[in-house]
Engineer: 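Right, I'll just put the structure down here and ask away after.
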Amino acid sequence: MYRTAVFPGSFDPITKGHESVIRRALPLFDILIVAIGLNEEKSGYFPLEKRLEWLRLIFQSEPRVKIETFTGLTVDFCRRIQAGYILRGLRTSADFEFERGIGLMNKAMFPEIETVFLLCAPEYAALSSSIVRDIHRHGGDISAFVPEKVLL
Ligand code: ADP
C-alpha cells in the first residue's frame with residue numbers, strides 16, 4: 001500500500017515556501033500529489049495553464065511528485081485517488097488556527113484521512129502567494145520569492 005499525500009493549494013504562484021514544504025515532505029511519502037484546487041467563482045491571478053506549467057517544470061526530475069487539479073472538496077479528491085494524507089504548511093499561529101478548523105472538518109467527513117503539517121522553513125515564514133501577487137501587480141521583482149523556473 002503506497003503512502004499517498006495530497007498537497008492542496010492555489011499555487012498562484014508557487015513560492016519558494018511551497019517548494020521547500022514539498023521537498024521536505026517527500027521522504028515521508030511514496031507519492032506526493034500537488035493539487036491545484038479550482039474555484040468556480042474565481043479564476044486566480046496567474047492563468048491555470050501557467051501555474052501547472054511551473055509546477056511540472058519545477059518537479060520534472062522528481063517522478064514521485066505528481067501535478068493534478070481538482071474541483072470540489074479536498075477530501076472527495078483524496079478518496080477518489082485513494083490518498084491517505086493531506087499535507088499543509090504552517091507559518092504562523094493564524095495559519096494553525098485556520099488549518100485546525102479545516103483539518104477537523106476534513107477528519108469529520110473522511111475519518112481515514114490524516115492531515116500532516118510541516119513547519120515552514122524560517123526563511124520563508126513571511127512569504128505568501130498573495131504578497132508575491134501584490135509585488136508582481138505593482139511591477140516589483142518577485143524573483144527572490146519564487147522558484148527559478150517561474151519565468152514570467
Ligand atoms: P491556499 O489557497 O489553500 O491558501 P496556498 O497555495 O496559498 O493555498 O498554500 C498551500 C499550502 O502551502 C498551505 O498549507 C499553506 O499554509 C502553505 N504555504 C503557503 N506559503 C508557505 C510558506 N511560505 N512556507 C510554507 N508553507 C506555505
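Order of listing sets the numbers, starting from 1, for every ligand and every atom in it.
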Engineer: If you take the nearest heavy atom of each of G89, S130, A125, which one is closest to atom 15 (C) of ligand 1?
Structural biologist: G89

Engineer: Taking both backbone and side-chain atoms of G9, is any N or O found less than 3.5 Å from an N or O belonging to ligand 1?
Structural biologist: no

Engineer: For F7, state whether at least one heavy atom is located under 4.0 Å from any atom of ligand 1.
Structural biologist: yes

Engineer: What's the separation between atom OG1 in T92 and atom CG in L90, rounded to the nearest 0.5 Å?
Structural biologist: 8.0 Å

Engineer: Any nitrogen or oxygen of R88, main chain or side chain, under 3.5 Å from a nitrogen or oxygen of ligand 1?
Structural biologist: yes

Engineer: Can you check whether I142 reaches T15 side chain to side chain, under 4.5 Å on heavy atoms?
Structural biologist: no

Engineer: Using 4.0 Å as the upper bound for N to carboxylate O, is an ion pair formed by K107 and E114?
Structural biologist: yes

Engineer: The test is side chain to side chain donor-acceptor pair (under 3.5 Å); show your working for H136 and Y45 and say whether it passes.
Structural biologist: CA-CA 10 Å; H136 185 266; Y45 178 75; 2.7 Å; yes

Engineer: Tell me, which protein residue and heavy-atom name are nearest atom 18 (N) of ligand 1, and how many Å apart are they?
Structural biologist: H18 CD2, 3.7 Å

Engineer: Taking the six-membered ring of Y85, is the NZ or CZ of R3 close enough (under 6.0 Å from the centre) and on axis enough (within 45°)?
Structural biologist: no

Engineer: At what distance is the nearest protein heavy atom to atom 1 (P) of ligand 1, and which residue and atom is it?
Structural biologist: S10 OG, 4.0 Å

Engineer: Where is the nearest protein heavy atom to atom 26 (N) of ligand 1: which residue, which atom, and how far?
Structural biologist: V21 CG2, 3.6 Å

Engineer: One thing to verify: whether R64 and D30 come together as a salt bridge, which I'm taking to mean a side-chain N less than 4.0 angstrom from a carboxylate O.
Structural biologist: no

Engineer: May I ask you to check whether D12 has an N/O atom sitting below 3.5 Å from an N/O atom of ligand 1?
Structural biologist: no

Engineer: CE/M105 to CZ/R100 distance, rounded to the nearest 0.5 angstrom?
Structural biologist: 13.0 Å

Engineer: Which protein non-hydrogen atom lies closest to atom 21 (C) of ligand 1, naming both residue and atom, and how far is it?
Structural biologist: R91 CD, 3.6 Å

Engineer: Considering both backbone and side-chain atoms of Y124, is one of its nitrogen or oxygen atoms within less than 3.5 Å of a nitrogen or oxygen in ligand 1?
Structural biologist: yes

Engineer: Under 3.5 Å between any N/O of L87 and any N/O of ligand 1: does that happen in this structure?
Structural biologist: no

Engineer: Which ligand 1 atoms does P8 reach within 4.0 Å, using its non-hydrogen atoms?
Structural biologist: 10 (C)

Engineer: Measuring from atom CZ of F77 to atom CD1 of I86, what distance do you get when rounded to the nearest 0.5 angstrom?
Structural biologist: 10.5 Å

Engineer: Taking NZ, NE, NH1 and NH2 as the nitrogens, is one of them in K50 or E53 under 4.0 Å from a carboxylate oxygen of the other?
Structural biologist: yes

Engineer: Side chain or backbone, does F11 bring an N or O within less than 3.5 Å of an N or O on ligand 1?
Structural biologist: yes

Engineer: Work out whether the distance between some heavy atom of S20 and some atom of ligand 1 is less than 4.0 Å.
Structural biologist: no

